[in-house]
Amino acid sequence: MPGTPISRGLQWLRQSEWSLLLAIAAAVAITAVIDSNHSYYERPYESLRDIARNTAMLGIFSLGAAVVIIAGGIDLSSGSMIALSGTVCATTMLALAPAEMMGFKPVGPLVVAVACSASLLTGFLVGTLHTWLITVIRLPPFIATLATLVGLRSFARALCESGTAALTPTKSALINVADPLFKTVRDNVSIPVTVFLLLAAATWLLLSRTVLGRHLQALGGNEQAARLAGIRTDNVKWFAYCFGAMTAALAGLFYVANESVAAPVNQGRGHELNAIAAAVVGGCSLSGGVGTVPGTVLGAVFLRVVIDAVSKIIKTGADVYEGLIVGIVVVLAVTFAQAGGGPRHDRRLLPGALGLCTIPILALLAGSLTAMTSGGWAGVGTGLTAGLLLVCLRIWEYRSRRAE
Amino acid sequence: MPPSSTIAVAMRGITKRFPGVLALDNVTLEVGRGELHAICGENGAGKSTLMKILSGVYQPDGGQLEVDGRPADFTGTRDAEAAGIAIIHQELALVEDLSVAANILLGREPRTPLGLLDQATCDRTAAELLAGLEAAIDPRTRTGSLRVGDQQLVEIAKALSLDASVIVMDEPTSALTEAESARLERTIARLREQGRTILYISHKMDEVFRLADRITVLRDGRHVCSVDRRDTSPAEVTGWMVGREIAEHQFHEHRSPGPCLLEIERLCLPAAERGRADRLTEVSFRVHAGEILGIAGLMGAGRTEILETIFGAAGDDWTGQIRLDGQPVRFRHPREACQAGLALVTEDRKRLGLFANLDVAGNISLCSLAEATAGGFLSRRSEDRLVAGPISQTGVKTPSPHAAITGLSGGNQQKCIIGRWLLTQPRVLLLDDPTRGIDVGAKAELYTLIDRLCREGLAVILTSSELPELLTLADRVIVLAEGRLTAEFSRAEATEQKIMAAATAS
């Protein structure tokens, strides 16, 4: 059995987490070699800073996603929660200090503190709403948070437009935030990184060293048994969903600081899936009960390092490929984790008719990607080579099976 | 040994390895045509693995398989089905949301000339098969809404639809009531009249000796012996299974019940769904400290519901009175029941008791984690100290408190769960069918443990689907039928016949 939660403490990292660390190192090394601008050699500080900031912002709400997943649930709404948190923060500042906000002047630390508290409180309220929908109305977590995924973003946009309409001369879909406190956070990468590491340490302590953490694992492992063992499962769920929503709210504040604007239309859009991906790459099981904080942290780092690697290598328009990269990383990471779980020497990658149809799909994917990034002829070449290799694999698999 | 021309199935020198375990070691088995061959052994002896090899689920690492005298090499269950071998798994493999007919013909659905699903033929075929089994089941019912016994008949109908000449039944009665078991035995008799060969896995000796022509005993993946039923006795077979003789235990003598701890008065529990009969109707009884009260009843008679209602796990719409120490109590959550000194060892260990993602220590300490904390944080050292007590008290055999709970045998898992509750220092222990799916040797150990706990002053309520178990352990037995209490017997009065009569009364 790979790593039960308690034996985890004996070794600092589990085997799968060491492999993840190795994969991160490999991704960095490969980028350093292939990148024709040599940015990792020539601007190591800037490169590190970019990766660190992005990792910290993703990591903060990945921890929330991981806690919800370990408790046996799922929170699809964190991207929209990020947008709502930023909007609540900016609207609160606009309401408390309209003149300063419109004049791009400092609003004062008190106003900032009130605005940030309002955002975190919103996180708590959304988490509580999730718990109510799930435990009282008995919606499946997927449905409840799917509803808030679409609902909260819409709500944030409405809030932004009504807020600006009431408090400023013109209705607007975004609110600029120019307070120097937010600028300090933007310019000092150490702040989000420190917050992320402290939050990770606290979450690790929570999961491995507290009764509540054990109850979260028990809830995710077997909800009915947990209830019959006298655990107040509804309260544990309440904590999990609030933790998920509040970490997203916290991340939302960093999004606002980083972009100097609260933009509910696009801020954090789709990022909930990156957080879930980080948790899953880090070893959390979507069936609940299994997962660690070090794994989730490494999962977030790995995701950001790979995204950064691709943007360094293909130079322009890297954000277009971000989703594709996350998708491929999730498939590969979980495939390797499963392969490590139990040896299945009889496993074939391209069996039967399904395998035959998969060959051109994979070849086409490889070819078109290469064509789009490195030109048409390279794409044709890559596609043909990939197809040929896959055909060879298919023939080899077919033969070795017949030999048995 | 049957003459070779009449051998339906021969397995010679079968060896199967799983990572770290030699599950089968050179096992040889020959089954005559039309024979009912029982395969006995404790859990983990390799019975199920052997049958999975016969039915093509697993491929052996060594040895040969012959069906009807021809060597067979199954690469999947389809090959085995084509050779006329069908298996009815212990965990029923039915799709609950499909109709009975759809399950029976799953993967072999009849089609109309246009290639569409031929629902009418499907239902008719299923109805014919079920009628042949004396089963009053509408082929269009949703399979999940059937009782376990009926689901098993659906599995048998599925095996018959394959026209299998060899049918493997893996512990078919482990989830059945006595009445359903009796019906299954009639079905088996009918299958035998049709000349089918049956391999019957069980560790219930009374069944084996009633049904089998020949008996094969496995232990620790090895073949111990194959004998004619007439040449052996249950005690001898049990001895082969565990490698030692097991004495018949009578525990309840010399126990002296103390004061009354728990009183239940006119307990009623309405149905979970509208339009059904009440789950419990006017049930009254009392339990004393240092006494074991047995609750007998067929499946669905309300045994589990009584325990769950007492424990605050069955909702809050029950009426009547529950008194603990003379004080009326009404628990709204199992947590409150725990705090009041109650403990419930649940019926279905895997589904309702075990945490596969936690290790042995985590499973045991779960209800008393507060005692393993220092300054608000869990301390591994004090957790280890905490669980060392129940591990030795209940005799859990585990390589380490940090071993995976899933690696333990069913009996040891159950001891862990009992240990979990002993840590809460309960005064009333509710045991819901605690030995289900546990092998003979571990059962005897659990009996000794339960008896000792009772002598230490715990009030114990025990339900069981096996009457001998209640007669062995309980001081008094109450009998439920369809949610009503139909009889109460002292140990001296109780017999299996009397209890069965009361359990089937209406």
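Quick note on labels: first sequence line is chain A, next is B, and so on, each numbered from 1. These numbers come from the heavy atoms of this one structure, side chains and all, not from hydrogens, waters or symmetry mates. All values derive from a computational prediction rather than experimental measurement.
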Colleague: Chain B heavy atoms under 4.5 Å from A:Ile231: which part of the residue, side chain, backbone, both or neither?
Modeller: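 Interface part for A:Ile231: both.
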
Colleague: For a side-chain hydrogen bond (donor to acceptor under 3.5 Å, both in side chains) with B:Thr75, tell me which candidate from B:Asp79, B:Thr77, B:Asp73 qualifies.
Modeller: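 With B:Thr75 as partner, B:Asp79, B:Thr77, B:Asp73 yield a single side-chain hydrogen bond (donor to acceptor under 3.5 Å, both in side chains), made by B:Asp79.
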
Colleague: Are B:Asp316 and B:Arg330 ion-paired here, with the side-chain N under 4.0 Å from a carboxylate O?
Modeller: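 Yes, charged N to carboxylate O under 4.0 Å.
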
Colleague: Taking B:Asp359 for its side chain and B:Ala403 for its backbone only, find out whether a donor-acceptor pair lies under 3.5 Å.
Modeller: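 No, the answer is negative, given that no donor and acceptor are paired below the 3.5 Å cut-off.
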
Colleague: Need one label for B:Arg420: side chain, backbone, both or neither, based on atoms under 4.5 Å from any heavy atom in chain A.
Modeller: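 Side chain of B:Arg420 only, per the 4.5 Å heavy-atom cut-off to chain A.
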
Colleague: Which of the residues B:Leu366, B:Asn363, B:Ile417, B:Asp348 is involved in the greatest number of heavy-atom pairs with chain A at under 4.5 angstrom?
Modeller: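 Ranked by heavy-atom pairs under 4.5 Å with chain A, first place is B:Leu366.
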
Colleague: Between the main-chain N or O of A:Ala278 and the side-chain N or O of A:Ser62, is there a donor-acceptor pair closer than 3.5 Å?
Modeller: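 Side chain of A:Ser62 to backbone of A:Ala278: no pair is present.
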
Colleague: Taking side chain as everything from C-beta outward and backbone as N, CA, C, O, which of these in B:Ser365 sits under 4.5 Å from a heavy atom of chain A? Side chain, backbone, both or neither.
Modeller: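 Side chain only.
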
Colleague: Can you tell which of A:Glu223, A:His215, A:Arg232 has the highest number of heavy-atom pairs within less than 4.5 Å of chain B?
Modeller: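 Going by pairs under 4.5 Å, I would pick A:Arg232.
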
Colleague: Using side-chain hydrogen bond (donor to acceptor under 3.5 Å, both in side chains), reason through B:Asp433 and B:Thr463 one step at a time and then give a plain yes or no.
Modeller: CA-CA 5 Å; B:Asp433 214 347; B:Thr463 77; 5.5 Å; no

Colleague: Select one option (side chain, backbone, both, neither) describing which atoms of B:Leu354 are under 4.5 Å from chain A's heavy atoms.
Modeller: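 Interface part for B:Leu354: backbone (N, CA, C, O).
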
